[in-house]
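Just so we're on the same page: letters track the sequence lines, and every chain starts at 1.
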Amino acid sequence: MLSSPYISEKTSVSIIMLKVMLALVPAIAAYVWYFGPAILISLTIASVTALGLETIAVKLRGLPAKPFLMDGSALVTAWLLALSIPSIAPWWLIVVGTFFAIVVAKHLYGGLGNNLFNPAMVGYAVLIISFPVQMTHWAAPYSLAGEHLGLLDAFNYIVSGVLPDGWKLDAISTATPLDTIRTQLQLHRTVTEISQMPIFGSIGGQGSEIIALLFLAGGVYLWLTRIITWHIPVAFLGALTLISGLFYLYNPGQYASPWFHLATGGAMLGAFFIATDPVSGATTPKGKLIFGAGIGALTYLIRALGGYPDGVAFAVLLMNITVPLIDAYTQPPVYGHKGNKK
Amino acid sequence: MSRQIYSFHGGVHPEENKQISTQHPIAIAPVPSRIIVPVHQHIGQPAKPCVAVGDQVLKGQIIAEAEGYISVAAHAPTSGVVTAIAPHPVPHPSGLSDICIHITPDGQDLWTERKPIDYRNLNASALRNRLRDMGIAGLGGAVFPTFIKLNPGVPQKVQTLLLNGGECEPWITCDDMTMREHAAEILQGAAIMRFMLRAESVLVGIEDNKPQAIAAMQQAATQCDFPIEIITIPTLYPGGGAKQMIKTVTGQEVPSGGRSTDVGVATFNIGTALAIHRAVNHGEPLISRVVTVTGNVGQAQNFEALIGTPINELVALTGNSVDPVTGYLMGGPMMGIELAQIIDVPMVKATNCILVKSAKLFPPPPPAMPCIRCTRCADACPADLQPQELFWFARSKDFDRAQKYRLFDCIECGCCSYVCPSHIPLVQYYRYAKSEISAKQKDQEAADHARERHETRIARIEREKQERADKLAQKAASKPAAESATDDPAAAAKKAAIQAAIERAKAAKAESDVTAAPTE
């Protein structure tokens with residue numbers, strides 16, 4: 001070292017990324033429990049693709065591959081993307097999404113630390129816009145389907161699109177609760193009626209509400225280990241609760257409850273793992289609150305009034321655009337520049 | 001204690017490593033084989049040598065006088081012969097040399113006459129001059145001439161005298177040990193400072209990882225004839241920084257670019273208080289201090305060592321080091337400086353710690369990775385800066401924006417570098433940006449100066465030209481009067497018109513030259 005300090009905390013980007021992945025594990029386990037092991041296949045495909053593309057991209061940029069592969073950022077992106085799309089999505093969908101995340105959103109913008117947009121959400125957005133049909137085939141929860149694809153069958157289906165003899169796609173796939181509420185509302189049914197449907201579970205969907213709870217637990221772990229601060233998740237979930245609560249109070253027949261919105265779709269994953277991406281998010285404490293609240297509000301508006309069942313990805317990307325402005329206008333006062341108060 | 005403790009933003013908890021150097025009491029280091037006293041050990045003007053080579057000097061004798069306002073004197077740390085007044089490497093990361101007075105000790109350690117100062121009956125200004133001549137400078141690290149800070153100012157600006165016993169840097173224990181062993185003397189020094197500043201309250205801030213020092217100071221405080229408050233503050237680096245300490249004990253922030261007196265506080269290191277006590281009550285100038293020698297050494301310990309002692313002789317007192325030595329730091333691991341060499345580099349008034357490095361204690365940091373804007377640096381910054389933004393601006397040489405984001409409020413405490421998971425040497429970037437900005441400002445000043453000189457020169461040339469033209473015109477005006485008698489008036493009028501036109505053209509040109517000059 002050229003000058004002080006001569007010591008540093010035993011931490012690294014790799015350790016941070018590993019902790020993020022560790023925080024995802026309980027929810028992934030629950031995912032397997034409720035929706036079958038297909039998610040493990042898609043996580044693997046996404047991981048392998050991400051690491052491969054990362055290696056190529058880093059090498060093309062003339063950088064040493066090892067430290068950049070070891071930093072774990074590509075794996076985190078891959079996992080977040082795989083968790084955002086249907087677990088039984090075809091392999092090429094995962095590859096295309098990962099390509100846009102790693103190559104376009106990350107490395108074309110200058111690699112780790114330089115991307116303006118959340119890579120996983122760029123990948124997701126490309127897929128939902130380009131391949132809406134494949135993106136709506138979600139695995140049905142075990143409690144509804146009665147059976148799920150085994151590991152090998154899931155692998156076969158994801159890679160070749162062939163289901164085992166006698167299996168039908170309809171039997172193993174289903175619309176998500178958010179999707180259901182959207183289509184059923186258009187059929188002039190009330191939220192109260194719709195929420196009697198089995199897919200809804202107790203709050204936010206069969207199985208998925210438990211997974212959301214475990215994402216929440218993972219997020220609390222990240223907060224306790226100081227990987228993330230509380231600002232973005234609290235502002236995100238707070239804004240989502242507030243605005244969905246207002247709509248719900250206005251017309252409970254037309255708008256789902258705030259609890260439903262918190263427990264369903266990408267709310268918890270988004271609040272703790274996606275919106276908190278440090279690279280593409282706001283950095284000042286006040287900025288993080290604005291950034292998080294913006295995502296929460298936009299998520300709700302897209303869900304309730306927009307053209308897509310879930311809104312987290314677009315909300316994150318839209319708020320990514322505003323980050324430089326937010327940061328510039330929320331600089332906290334520096335020591336010695338505040339008015340003295342006793 | 002009922003006093004409210006405030007907290008400053010950020011801060012870190014590096015491993016303390018303090019216990020290894022507090023196992024033994026402070027030892028008196030023996031008189032070294034040679035003494036090298038730099039004339040410049042404080043902030044401000046170097047002192048001016050007032051002895052000659054070959055002179056016999058006594059311990060405590062003044063050997064270099066203060067020169068200019070911000071300066072203090074230097075003294076012979078022991079008796080002996082002045083062998084050289086010449087440049088010698090001083091503690092500086094670059095191994096820079098500076099004028100030093102070299103003394104070969106005679107082994108007698110004979111004191112010069114010591115006269116205690118009757119400070120209560122001395123005029124304030126004379127008292128400050130005595131302290132200047134006693135060589136008292138701040139021992140906390142900044143080495144600011146103490147007498148200047150002991151001026152209460154008109155109107156009186158200082159209500160609170162704050163003694164800083166924070167000592168938040170890891171490894172260093174000299175203040176801790178000094179407080180344990182010299183608590184009463186420190187408070188006698190505080191009494192003098194309180195008298196000089198006419199301060200209303202006296203506070204001592206000590207981090208809670210020094211329970212024995214706190215107990216000793218509290219015990220000593222009960223013997224004091226004036227109220228004094230020993231405040232236990234949480235251990236959090238850089239809580240011992242003057243600005244952070246002031247915030248912790250008063251809740252006030254020193255304004256940017258201002259001094260602690262702006263919030264009515266004068267802050268001194270406890271070692272400085274001890275030095276003042278010795279100077280005033282015993283007539284002993286500042287010729288020694290307590291220094292921690294620790295890290296990769298045989299037995300880490302604190303020494304009362306003479307200023308000018310070669311650091312290698314000091315390190316040798318601790319026995320053989322445990323592992324291969326990889327370097328030497330003066331100061332702590334967070335803000336200390338790496339000594340380019342230690343062979344006979346002398347310890348100075350600022351030397352609070354010699355930290356011997358090994359690969360085990362100070363492994364080289366992993367290669368830097370890109371910044372991921374995780375803002376741990378911002379969370380740790382005690383100046384409430386956004387280090388990740390400053391890093392970006394420094395790297396892209398966007399110095400204007402770096403200044404707008406308050407680069408110069410960075411105290412270089414190193415918290416940001418310490419917590420950075422990408423191992424980016426952030427503080428180095430800020431030092432670089434600061435020096436670039438300063439260099440640019442100097443260049444700008446030099447350019448302004450040159451332009452002013454150029455403009456003055458052009459103006460002078462024009463003035464001379466004008467004067468010549470005026471003279472010529474005068475001559476011409478007196479001539480036609482004589483000539484008109486012989487030539488016809490029409491020719492004379494024509495001539496005058498031509499002359500006037502020439503003058504006009506000249507004036508116009510001169511004007512355009514003057515306006516053109518600044519654009520050069």
Open item on the list: If you apply the rule side-chain contact (heavy atoms from CB on, under 4.5 Å), what do you find for Lys288(A) with Thr375(B), and how did you get there?
Closed with: CA-CA 11 Å; Lys288(A) 284 176 180 172; Thr375(B) 65; 3.2 Å; yes

TODO: Could you pull out the closest heavy-atom pair between Glu389(B) and Thr283(A), with the gap in Å?
DONE: OE2-OG1, 3.8 Å

Open item on the list: To check you understand the geometry: which heavy-atom pair defines the closest contact between Asp384(B) and Val334(A), and what is its length?
Closed with: O-CG2, 3.8 Å

Task: Interchain contact, Asn114(A) with chain B, by part (heavy-atom threshold 4.5 Å) - done: side chain

Open item on the list: Any donor-acceptor pair under 3.5 Å linking the side-chain atoms of Gln386(B) with those of Thr284(A)?
Closed with: no

Task: Residue part contacting chain A, namely of Met334(B), when any heavy atom lies under 4.5 Å - done: both

TODO: Evaluate the side-chain contact (heavy atoms from CB on, under 4.5 Å) criterion for residues Glu15(B) and Ile7(A): first the C-alpha distance (whole Å), next the side-chain angles of each, then the deciding distance (0.1 Å), finally the verdict.
DONE: CA-CA 10 Å; Glu15(B) 215 179 311; Ile7(A) 48 173; over 6 Å; no

Task: Atom pair OH/CD1 of Tyr6(A) and Ile337(B) - distance to nearest 0.5 Å - done: 7.5 Å

Task: Flag if over 12 foreign heavy atoms under 6.0 Å of NZ, Lys434(B) - done: yes

Task: Closest non-hydrogen atom pair, Tyr335(A) against Gln252(B) - done: OH-O, 4.1 Å

Task: Worked verdict on Glu338(B) versus Ser3(A) for side-chain contact (heavy atoms from CB on, under 4.5 Å) - done: CA-CA 7 Å; Glu338(B) 178 110 46; Ser3(A) 65; over 6 Å; no

Task: Nearest atoms (heavy-atom pairs only) where Ser8(A) meets Ser417(B) - done: CB-O, 4.3 Å

Task: Under 4.5 Å from any heavy atom of chain B - which part of Ile228(A) - done: neither

Task: Max heavy-atom pair count under 4.5 Å with chain A, selected residue of Val12(B), Asp379(B), Leu329(B) - done: Leu329(B)

Open item on the list: Can you tell me which residue among Glu169(B), Glu412(B), Arg431(B), Gln428(B) is in a side chain to side chain donor-acceptor pair (under 3.5 Å) with Ser4(A)?
Closed with: Arg431(B)

TODO: For atom CZ of Phe408(B), decide whether the heavy atoms of other residues, nucleotides or ligands shown that lie under 6.0 angstrom number more than 12.
DONE: yes

Task: Part of Leu112(A) lying under 4.5 Å from any heavy atom of chain B - done: both

Task: Asp327(A) bridged to Arg373(B) by N-O distance under 4.0 Å - done: yes

Open item on the list: Below 4.5 Å, heavy-atom pairs only: which of Pro278(A), Ser14(A), Pro333(A) has the largest tally toward chain B?
Closed with: Pro278(A)

Task: chain A contacts, top residue of Pro333(B), Ala378(B), Gly414(B) (heavy-atom pairs, under 4.5 Å) - done: Pro333(B)

Open item on the list: Is it the case that the side chains of Thr229(A) and Arg376(B) hold a donor-acceptor pair, with the cut-off being a distance below 3.5 Å and no angle test?
Closed with: no

